[in-house]
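Working notes, structure below.
Just the heavy atoms: all of them, side chains too, but no hydrogens, waters or symmetry mates, feed the values below.
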Amino acid sequence: MLFLSFVVPNAVLNIAPKNILHFTHQFYRLFYSIFTVLTLLFIIHANINANANATVVSKNNYTFGKDFGWCTATAAHQIEGYNYNSDWWAFESIPGKIVNSDNSEFASKHWDMLEQDITLMKDLNLNSYRFSIEWAKIIPKKGQVNFGVIFHYLDELEKLAEKNITPIVTLQHFTLPKWVADEGGWTNENIVTYFKEYLEYVIPVFAPYVKYWVTINEPMGHLMAGYMAGVHPPAHKFDLKGIKSALVNLLKAHATAYHFIHQTYKQNSTSTSTSTSNPNPKLEKPMVGMAHHMRGAFPQKNNFVDRYLAKTVDYITNWAIPNALNDGIIQIKIPFLIDLYRHIDGLKGTQDYFGINYYTYDTVHLGFFKLCMGADEDDYTTEVGWAIYPEGMYDMLEEIHYRYPSLPIYITENGIADRNDRARSKFLIDHLRFVSKAIKDKIPVIGYCHWSLIDNFEWALGYFPRFGLYEVKYEEKFTRVPRASANLFAQIASKNQIDESMIDTYDKISYPEDMDHLYPKYNTKCYGLFGNKNIATSKEFKEFFKYIKAEAHERGESIE
């Protein structure tokens, strides 16, 4: 249009008679000016509308792709009850180990209320559900198999199939049979054989119903809590020798499970099931992985010491095990503390998808014989003192895709301890918007599991933290009551998107400043990286402290 406003007047002037030239010239100057102004106004108006529409599209563009998995996650010991033959049941009987002296005897009574809980899943519009099967119930004593328990889980799988809910089955979620723990647990190399025997009873039976498997939940977190912090069984503190052997055996067990599952499916790839509800009648290729606990680690102070510590924590927490599954070699080196380099047969390439459990991040600081991790002073935190950091979800997804570009990513856990449901809805919206952004940026996120479906027994914290979309009224026959956040989650799953009205509502809300804290914030108290107040008395740590102090001195920095 601007092109015509220049061309037409000049063309007319070239053929006009001389006696009307002046009049015509003035007319077309006026015409040209008006036309140009109108054209510019049109372009400006169009751009304003385009920008306005772009804003609306952006706000409405939080979608999640075709066949996205909408899921909640649970663990057997935390919700089922009656897990009397596990190492955790024995651990709970030790005074002072569990907050408020709680125990898991009945947990949330999911074992008895299975059908009702599956109905809750449908009310949430779930198409997936992650849960664990309990090794300690299936093989309660050495050489003894409880087939009734196997049939119970088979019934659960059939009921999920009838409701068109895809199961994601975890084989080991923190707990061990007590008899396995009594023989040394993960430090005993026989555990790999014991784990294989357990698999031989469950994989062939459950395979027709299960495509997604999680071999081991949060392996590094499991070992750090049990062999360094001492807050999980076997309750060892700063057991460097134990953690090395346990880590190697855990990776061997994973590799064994990975190959056994694939072998089972391959051998039965042409078989069919008599069950009409079977969603996988020809045993299509399974997806096997781990659920990795991922959390950012940032230096609290910009000095060499804190930067070194944050980098070390980041590698050990987030990347040591995924790298091992990718390369077949586990390697961890911290001067004077641990030096582990081990090639493990059959481990390389044993991850078909990347499972990520994301909740929070930590600032890291090493002071004078103090190791500190936790939320920063300006962070909003959950009821268990974890920083709320939605951006970290995107950062982790981006880094995972960069490191392992061939792997699809399943968010196997994400949630918030919030008993009064004051922050959970905003937490959901904020985190899921970053998930949607990741998908838009071509990061292959294929599903999201919210932790948790119902309130549960939260390990050493007992029943204090409430993670459930459904409240469990423990004193009222374990009645389930939907929280407001459950209704929001159901809407998002149904629409497969976060719409404009949701964004407008929750963008205006700040996280509650009165969130209860089980632990003080970072700026009021440092708590030990390994959870052991006497860590500084160990010979190994004294040598490590001496080393890192010397490194800092070379850079002209000091340890406070």
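- In the model, Asn357 has a side-chain atom that pairs as donor or acceptor with a side-chain atom of Asn217 under 3.5 Å.
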How far apart are the C-alpha atoms of Gln116 and Phe478, what are their side-chain angles, what is the distance that settles it, and do they pass the side-chain contact (heavy atoms from CB on, under 4.5 Å) test? CA-CA 11 Å; Gln116 180 178 338; Phe478 297 85; over 6 Å; no
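- At least one side-chain heavy atom of Arg480 sits under 4.5 Å from a side-chain heavy atom of Leu120.
- A donor-acceptor pair is defined here as one N or O able to donate and one able to accept, closer than 3.5 Å; no such pair exists between the side chain of Thr215 and the backbone of Met290.
- Listed for the His450 side chain is a donor-acceptor partner under 3.5 Å among the backbone atoms of Asn414.
- By the 4.5 Å heavy-atom criterion applied to side chains, Leu366 and Cys372 are not counted as neighbours.
- Remark: the backbone N or O of Arg295 is paired with a side-chain donor or acceptor of Asn318 at under 3.5 angstrom.
- Proximity of the aromatic rings of His77 and Phe174 is defined here by a centroid distance below 6.0 angstrom, and this criterion is not met.
- Judged as a ring pair (Phe, Tyr, Trp, His ring centres under 6.0 Å), and not counting sequence neighbours, the contacts of Trp89 are Tyr84.
- Asn103 is not listed as a side-chain neighbour of Ile98, based on a closest heavy-atom distance of 4.5 Å or more.
- For the pair Ile243/Phe238, no side-chain contact is recorded, criterion being any heavy-atom separation below 4.5 Å from C-beta on.
- The minimum heavy-atom distance between Lys97 and Ala235, with the atom names listed, is NZ-CB, 4.2 Å.
- Among all heavy-atom pairs drawn from Val192 and Asn249, the shortest one is CG2-O, 3.7 Å.
- Once rounded to the nearest 0.5 Å, the distance linking CD of Glu92 with CG of Asn83 reads 8.5 Å.
- No side-chain heavy atom of Val364 sits under 4.5 Å from any side-chain heavy atom of Asp306.
- Remark: Leu171 CG to Ile133 CD1 distance equals 5.0 Å, nearest 0.5 Å.
- Classification of Lys178 and Asp87 as a salt-bridged pair fails, no side-chain N sitting under 4.0 Å from a carboxylate O.
- Salt-bridge annotation for Lys348 and Asp327: absent, with no side-chain N of the basic residue lying under 4.0 Å from a carboxylate O of the acidic one.
- With rounding to the nearest 0.5 angstrom, the CG atom of Leu157 is 11.5 Å from the OG1 atom of Thr166.
- In this structure, a donor-acceptor pair under 3.5 Å is present between the side chains of Thr350 and His254.
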Evaluation steps, side-chain contact (heavy atoms from CB on, under 4.5 Å), between Tyr194 and Trp135: CA-CA 10 Å; Tyr194 298 151; Trp135 184 3; 4.0 Å; yes
Show, in sequence, the C-alpha distance, side-chain angles and deciding distance for His292 and Ile321, and conclude whether the side-chain contact (heavy atoms from CB on, under 4.5 Å) test is met. CA-CA 8 Å; His292 304 279; Ile321 288 181; 3.8 Å; yes
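- Side-chain contact check for Tyr201 and Asn146: no donor-acceptor pair (N or O, by modelled atom type) lies under 3.5 Å.
- To the nearest 0.5 Å, atom CG of residue Leu154 and atom NZ of residue Lys159 are 10.0 Å apart.
- Every residue meeting the ring pair (Phe, Tyr, Trp, His ring centres under 6.0 Å) condition with Tyr389, not counting sequence neighbours, appears here in chain and number order: Tyr361.
- The backbone N or O of Lys163 lies less than 3.5 Å from a partner atom in the side chain of Lys122, making a donor-acceptor pair.
- Using a 4.5 Å heavy-atom cutoff, the side chains of Leu160 and Met121 are in contact.
- Partners of Lys196 according to the side chain to side chain contact (heavy atoms under 4.5 Å, CB included) rule, which considers only residues two or more places apart in sequence or in another chain, are Glu200, Thr256, Phe260.
- Pairing each heavy atom of Ala297 with each of Ala310, the nearest pair is CB-O, 3.6 Å.
- Among residues two or more places apart in sequence or in another chain, the ring pair (Phe, Tyr, Trp, His ring centres under 6.0 Å) test is passed with His293 by none.
- In this structure a side-chain-to-backbone donor-acceptor pair under 3.5 Å is missing from Thr317 to Asp314.
- For the residue pair Tyr359 / Glu413, a side-chain donor-acceptor distance below 3.5 Å is found, with atom types taken as modelled.
- Minimum heavy-atom separation, Phe354 to Pro322: CE1-CB, 3.7 Å.
- Considering every non-hydrogen atom in both Leu337 and Leu240, the closest pair reads O-CD1, 3.0 Å.
- At least one donor-acceptor pair under 3.5 Å links the side chain of Tyr153 to the backbone N or O of Glu134.
- Judged by distance alone, with hydrogens and angles left aside, the side-chain atoms of Asn188 form no donor-acceptor pair with the main-chain N or O of Ile191 at under 3.5 Å.
- The distance from the CG atom of Leu453 to the NE2 atom of His110 is 8.0 Å, given to the nearest 0.5 Å.
- The side-chain tip of Lys311 does not point at the ring of Tyr308 from less than 6.0 angstrom away and within 45° of straight on.
- There is no side-chain donor-acceptor pair under 3.5 Å between Asn326 and Gln351.
- More than 12 heavy atoms of other residues, nucleotides or ligands shown are found within 6.0 angstrom of CD on Gln331.
- With hydrogens and angles left out, the side-chain atoms of Thr74 and Arg130 include no donor and acceptor closer than 3.5 Å.
- Each side chain to side chain donor-acceptor pair (under 3.5 Å) pair with one or both residues in residues 458-470, not counting sequence neighbours, appears once here: Gln78-Glu458, Gln78-Trp459, Asp455-Arg466.
- If you take OG1 on Thr175 and CZ on Phe91, they are separated by 13.5 Å, rounding to the nearest 0.5 Å.
- The aromatic rings of Phe195 and Tyr198 are tilted relative to each other, their planes meeting at an angle between 30° and 60°.
- The backbone N or O of Tyr227 sits nowhere less than 3.5 Å from a side-chain atom of Asp239 that would complete a donor-acceptor pair.
- Tyr212 is linked by a ring pair (Phe, Tyr, Trp, His ring centres under 6.0 Å) to Tyr353, Tyr410, counting only residues two or more places apart in sequence or in another chain.
- Salt bridge Arg419/Glu471: absent, no basic N to carboxylate O contact under 4.0 Å.
- At least one donor-acceptor pair under 3.5 Å links the side chain of Ser132 to the backbone N or O of Ala76.
- Using cut-offs of 30° and 60° on the angle between ring planes, the pair Tyr258 and His262 is tilted.
- A side-chain N or O of Ser485 and one of Asp421 form a donor-acceptor pair less than 3.5 Å apart.
- Taking 4.0 Å as the cut-off between side-chain N and carboxylate O, Glu197 and Lys142 do not count as a salt-bridged pair.
- Looking at every heavy atom in both residues, Val231 comes nearest to Ala460 through O-CB, 3.8 Å.
- Both the sub-6.0 Å distance and the 45° axial angle are satisfied by Lys137 relative to the ring of Trp111.
- Between Thr479 and Val472, the closest side-chain pair of non-hydrogen atoms is not below 4.5 Å.
- Using modelled atom types, no side-chain atom of Arg422 and backbone atom of Tyr511 make a donor-acceptor pair closer than 3.5 Å.
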Please evaluate residues Ile388 and Thr360 with respect to the criterion side-chain contact (heavy atoms from CB on, under 4.5 Å), reporting the C-alpha separation (whole Å), side-chain torsions for both, the decisive distance (0.1 Å), and the verdict. CA-CA 6 Å; Ile388 298 172; Thr360 187; over 6 Å; no
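- Ring centroid separation for the pair Trp88 and His232 comes in under the 6.0 Å cut-off.
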